[in-house]
Amino acid sequence: QVQLAESGGGLVQAGGSLRLSCAASGGTFTSYAMDWFRQAPGKEREFVAAISWGGGSTYYADSVKGRFTISRDNAKNTVYLQMNSLNPEDTDVYYCAATIRRTIITTTTAMNYWGKGTLVTVSS
């Protein structure tokens, strides 16, 4: 059983940056591709970014492409989401997720494990 714990959320002004971290425990980190999703109250959880098990492949939602960067450190069992040029529309709870498929997957139903989320609030 894999446990995922996000951190790094908070309040930031529009145009600012945040880096989210997701620490994994209880499993073999390189067995999983990792994703970030986000969800606003009353809305469906939406895909943000994904990274393959080795970090060689990444994929982004169009809404964050060029502003967000996903990366992973397999030695530290951690995946990151660097978020730049934030705007109020990025305000959400951000979740990391792991899939045993190891390659880029963007659907919530394909995720095997989820963290509890971290809140990002971008003020205008």
Can we say Asp90 and Arg67 salt-bridge, meaning some charged N sits less than 4.0 Å from an Asp/Glu carboxylate O? yes
Heavy-atom pair with the smallest gap, counting every atom of [X] and [Y]:
X      : Y     : answer
Val2   : Gly27 : CG2-CA, 4.0 Å
Ser124 : Ala14 : CA-CB, 4.3 Å
Ile51  : Ser71 : CD1-CA, 3.6 Å
Arg72  : Gly54 : CD-C, 4.5 Å
Ala24  : Phe29 : CB-CD1, 3.6 Å
Met34  : Ile70 : O-CD1, 3.9 Å

As an exercise, state the distance from [atom1] of [X] to [atom2] of [Y], rounded to the nearest 0.5 Å.
X     : Y      : atom1 : atom2 : answer
Thr78 : Leu20  : OG1   : CG    : 12.5 Å
Lys76 : Ser21  : NZ    : OG    : 9.5 Å
Cys96 : Met111 : SG    : CE    : 11.0 Å

Using modelled atom types only, decide if a donor and an acceptor are shared between the side chain of [X] and the backbone of [Y] within a distance under 3.5 Å.
X     : Y      : answer
Gln82 : Tyr80  : no
Thr91 : Val122 : yes
Asp92 : Tyr94  : no
Thr28 : Thr30  : no

Would Ile104 and Leu4 show up in the same hydrophobic cluster when neighbours are defined by side-chain heavy atoms closer than 4.5 Å? no
Side chains of [X] and [Y]: does their closest heavy-atom pair fall under 4.5 Å?
X      : Y      : result
Thr103 : Trp53  : no
Trp114 : Thr108 : yes
Tyr60  : Asp62  : no
Leu86  : Leu18  : yes
Met83  : Arg19  : no
Ile100 : Tyr32  : yes
Leu81  : Val48  : yes
Cys22  : Trp36  : yes

Does Lys65, at its NZ atom, have more than 12 non-hydrogen atoms belonging to other residues, nucleotides or ligands within less than 6.0 Å? yes
Partners of Glu46 by side-chain hydrogen bond (donor to acceptor under 3.5 Å, both in side chains), sequence neighbours excluded? Arg38
Aromatic rings Phe47 and Phe37: how do their planes relate, parallel, tilted or perpendicular, breaks at 30° and 60°? perpendicular
Exercise: do Asn84 and Ser17 side chains pair donor with acceptor under 3.5 Å: yes
